[in-house]
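Quick caveat, the model's predicted, so the values are computed rather than measured.
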Amino acid sequence: MYAAALAIALTACTAQAEEPAADPDTEQGSAEVEAAGFEEPGDPYAPTDPELTERLHLPLYDYNLDEYEQWTIRRAQDVLTVDCLDELGFEASVSWETDSLEELLTHFGPHHSYRRYGVASTDLAEEYGFGIPEGDDTGNPWTVADASQEEAAADAYTGFSHTGGEIEIPSGDPAPEGGCKHQANLGINPDSPPPGEDGYWSATEGEPMPDTPGLHSRVDDLLGESYSAGMEDPAVEAANEAWKECAGLSGYTVGPGGASEVMGEGGDAVLSAECADTSGYLDAFVAAETRAQEAMVEEHRAELEERREQLDAELAAARTVLGW
């Protein structure tokens with residue numbers, strides 16, 4: 001059912017992209033044109049440390065998309081968002097320079113594990129200390145040519161007027177249901193849940209956040225639970241004491257994740273990272289979380305596998321939008 005609906009959505013997207021324009025040499029705006037020239041990264045994982053990635057791998061990562069895969073979906077959503085805004089009369093374009101993939105993978109790894117237990121990489125600690133350099137390519141992933149329309153475009157994006165008035169759509173059409181953000185999500189997964197009346201998604205009591213394209217809220221929640229379980233594991237507590245002794249922090253109530261709070265941002269991040277390794281802290285924490293997550297996977301296996309299949313389909317749809 002999902003695959004069929006996805007195929008219909010992609011066919012519709014392609015049909016829109018191929019609709020003849022009045023002047024094909026100058027008129028742009030379709031998803032196909034927006035993605036043209038945006039090349040697939042040759043080796044997106046080049047900034048990562050494969051050995052460290054494997055050492056810190058956790059079972060739940062297998063049911064989630066990694067940073068590169070989530071980034072791919074976000075870029076496709078940007079293309080579809082611009083397509084939607086163009087249809088409403090905004091002259092929009094994708095800002096391909098924003099949303100840096102290299103920085104994410106360099107400092108956090110494919111699954112954010114490089115800093116899950118404090119600074120785990122001595123190489124990164126040597127170069128950057130405890131901090132993470134601010135990139136110079138941040139900003140909106142899409143823009144509109146007329147700056148005076150930025151607020152209206154933002155409202156059309158969410159489908160919600162933040163001033164309480166009418167959304168000023170250049171074409172005169174109403175904003176689509178859920179705004180262009182939701183319409184972009186539907187282009188990736190036709191079963192994607194709509195936002196609330198305020199243009200945002202929220203969780204109901206006792207349930208995870210709704211899964212919009214690229215996200216797996218159940219995995220996110222379980223990762224939080226397994227981390228808490230790891231903190232209370234006796235082997236981790238013992239390794240934490242060994243880390244503190246190694247780092248010269250005996251007597252402090254702190255772990256590697258809070259080292260900068262005690263040492264200061266300019267403190268010895270290399271020493272902290274080295275001690276996290278030699279004390280056994282990293283391995284003990286990964287082992288504790290692995291045990292906790294194996295039980296979680298067994299309990300939620302059907303749900304995890306179903307969502308993982310959907311994520312794979314969403315990733316394939318995103319790659320189609322980008323022409324990869």
With no hydrogens and no angle check, is any side-chain donor or acceptor of S113 less than 3.5 Å from a backbone partner on G109?
-> no
Do any N or O atoms from the side chain of S100 and from the backbone of E103 form a donor-acceptor pair under 3.5 angstrom?
-> yes
Provide the full list of salt bridge (Lys or Arg N to Asp or Glu O under 4.0 Å) pairs with a residue in residues 39-63, sequence neighbours left out, each pair given once.
-> E40-R319, R55-D277, R55-D283
Check the pair L249 / W243 against side chain to side chain contact (heavy atoms under 4.5 Å, CB included), numbers first and verdict last.
-> CA-CA 8 Å; L249 297 175; W243 170 82; 3.6 Å; yes
Apply ring pair (Phe, Tyr, Trp, His ring centres under 6.0 Å) to Y114 and H112, showing your working.
-> CA-CA 6 Å; Y114 293 3; H112 268 230; 9.7 Å; no
Is P133 close to H107 at the side-chain level, that is, under 4.5 Å between some pair of heavy atoms?
-> yes
CD of E294 to CG of L58: how many Å apart, nearest 0.5 Å?
-> 10.5 Å
Which ring pair (Phe, Tyr, Trp, His ring centres under 6.0 Å) pairs, counting each pair once, include a residue from residues 251-303, with sequence neighbours left out?
-> Y117-F285, Y227-F285, Y281-F285
Donor-acceptor under 3.5 Å (E314 side chain, G214 main chain) | yes
Flag the pair Q70 / I73 as yes when at least one side-chain heavy-atom distance between them is below 4.5 Å, and no otherwise.
-> no
Output for pair (L311 CG, D211 CG), nearest 0.5 Å, gives 7.0 Å
Among the clusters formed by ILVMFWY side chains lying less than 4.5 Å apart, do V82 and W71 turn up in the same one?
-> yes
Show every donor-acceptor pair shorter than 3.5 Å between a side-chain atom in residues 172-186 and any protein atom, with sequence neighbours excluded, or say none if there are none.
{"residue": "D173", "atom": "OD2", "partner": "S171", "partner atom": "OG", "Å": "3.1"}
{"residue": "Q183", "atom": "NE2", "partner": "E177", "partner atom": "O", "Å": "2.8"}
{"residue": "N185", "atom": "OD1", "partner": "Q77", "partner atom": "NE2", "Å": "2.7"}

Min side-chain heavy-atom separation L85-W142 under 4.5 Å = yes
What one should report as the nearest heavy-atom pair of I167 and G159 is CD1-C, 4.0 Å
Contact summary for D86 and A92, nearest pair of heavy atoms = OD1-N, 3.0 Å
Measure the shortest side-chain to side-chain distance between T48 and P110 over non-hydrogen atoms and say whether it is less than 4.5 angstrom.
-> yes
Minimum-distance pair of heavy atoms, taken over all atoms of P213 and N189 = CG-CB, 4.4 Å
Is V94 linked to I188 within one hydrophobic cluster, defined over Ile, Leu, Val, Met, Phe, Trp and Tyr using a side-chain heavy-atom separation of less than 4.5 Å?
-> yes
Any residue meeting side-chain contact (heavy atoms from CB on, under 4.5 Å) with E298, in chain and number order, not counting sequence neighbours = R301
Would you please name every residue forming a salt bridge (charged side-chain N to carboxylate O under 4.0 Å, His left out) with R115, sequence neighbours left out?
-> none
Nearest heavy atoms of L56 and A120, plus distance in Å = CD1-CB, 4.1 Å
Shared hydrophobic cluster, F108 / L101 (ILVMFWY, side-chain heavy atoms < 4.5 Å) = no
Return a table of donor-acceptor pairs under 3.5 angstrom between the side chains of residues 121-128 and protein atoms on other chains or two or more places apart.
{"residue": "S121", "atom": "OG", "partner": "D123", "partner atom": "N", "Å": "3.4"}
{"residue": "S121", "atom": "OG", "partner": "L124", "partner atom": "N", "Å": "3.1"}

So W324 and Y68, would you call those rings parallel, tilted or perpendicular, with 30° and 60° as cut-offs?
-> parallel
Under 3.5 Å, sequence neighbours excluded: what are the donor-acceptor pairs made by side chains of residues 228-239?
{"residue": "S228", "atom": "OG", "partner": "G224", "partner atom": "O", "Å": "3.2"}
{"residue": "D233", "atom": "OD1", "partner": "R291", "partner atom": "NH2", "Å": "3.1"}
{"residue": "D233", "atom": "OD2", "partner": "A235", "partner atom": "N", "Å": "3.0"}
{"residue": "D233", "atom": "OD2", "partner": "V236", "partner atom": "N", "Å": "3.4"}

Kindly indicate, with the supporting measurements, whether the criterion side chain to side chain contact (heavy atoms under 4.5 Å, CB included) is fulfilled by V79 and F38.
-> CA-CA 11 Å; V79 169; F38 182 58; over 6 Å; no
Please collect all salt bridge (Lys or Arg N to Asp or Glu O under 4.0 Å) contacts where either partner lies in residues 144-172, sequence neighbours excluded, each pair once.
-> none
Hey, what do you get for NE2 (H111) to CG (L223), rounding to the nearest 0.5 Å?
-> 9.5 Å
For E306, what residues pass the salt bridge (charged side-chain N to carboxylate O under 4.0 Å, His left out) criterion, not counting sequence neighbours?
-> none
Do W201 and L80 belong to the same hydrophobic cluster, where Ile, Leu, Val, Met, Phe, Trp and Tyr are linked whenever their side-chain heavy atoms lie under 4.5 Å apart, directly or via other members?
-> no
Find the distance between CG (L215) and CG (N64) and round it off to the nearest 0.5 Å.
-> 8.0 Å
Please step through salt bridge (Lys or Arg N to Asp or Glu O under 4.0 Å) for the pair K244 and E241, ending with a clear verdict.
-> CA-CA 5 Å; K244 287 193 289 186; E241 292 300 318; 3.1 Å; yes
Can you tell me which residue pairs pass the disulfide (SG to SG under 2.5 Å) test with a partner in residues 202-314, sequence neighbours excluded?
-> C246-C275
Would you tell me whether S250 and E245 have side-chain atoms, one donor and one acceptor, within less than 3.5 Å of each other?
-> no
Minimal non-hydrogen separation, G129 against A269, with atom names | C-CB, 3.5 Å
d(E67 CD, Y45 OH) to nearest 0.5 Å is 10.0 Å
Mark yes or no for whether S161, through its side chain, and G165, through its backbone, hold a donor-acceptor pair below 3.5 Å.
-> yes
Counting distance only, does the side-chain N/O of S217 pair as donor-acceptor with the main-chain N or O of M209 below 3.5 Å?
-> yes
Side-chain ion pair, R308 and D312, N-O less than 4.0 Å | yes
Would you say P195 and F160 make side-chain contact, with heavy atoms under 4.5 Å?
-> no
Measuring from Y63:OH to Q293:CD, what's the distance to the nearest 0.5 Å?
-> 10.5 Å
Going through the checks in order, is the side chain to side chain contact (heavy atoms under 4.5 Å, CB included) test met by T72 and L65?
-> CA-CA 10 Å; T72 299; L65 297 183; over 6 Å; no
Working for side chain to side chain contact (heavy atoms under 4.5 Å, CB included), residues N140 and T98 | CA-CA 7 Å; N140 286 332; T98 64; over 6 Å; no
Does D268 have any side-chain contact (heavy atoms from CB on, under 4.5 Å) partners at least two apart in sequence or in another chain, and if so, which?
-> V270, L271
Does CD belonging to E91 count more than 12 external heavy atoms closer than 6.0 Å?
-> no
In short, S95 meets T143 closest at the heavy-atom pair OG-CG2, 3.4 Å
May I ask whether L88 and Y157 are part of the same hydrophobic cluster, defined by side-chain heavy atoms of I, L, V, M, F, W, Y residues being less than 4.5 angstrom apart, directly or through others?
-> yes
Only pairs at least two apart or in different chains count here, so list each salt bridge (Lys or Arg N to Asp or Glu O under 4.0 Å) that has a residue in residues 213-227.
-> R218-E303
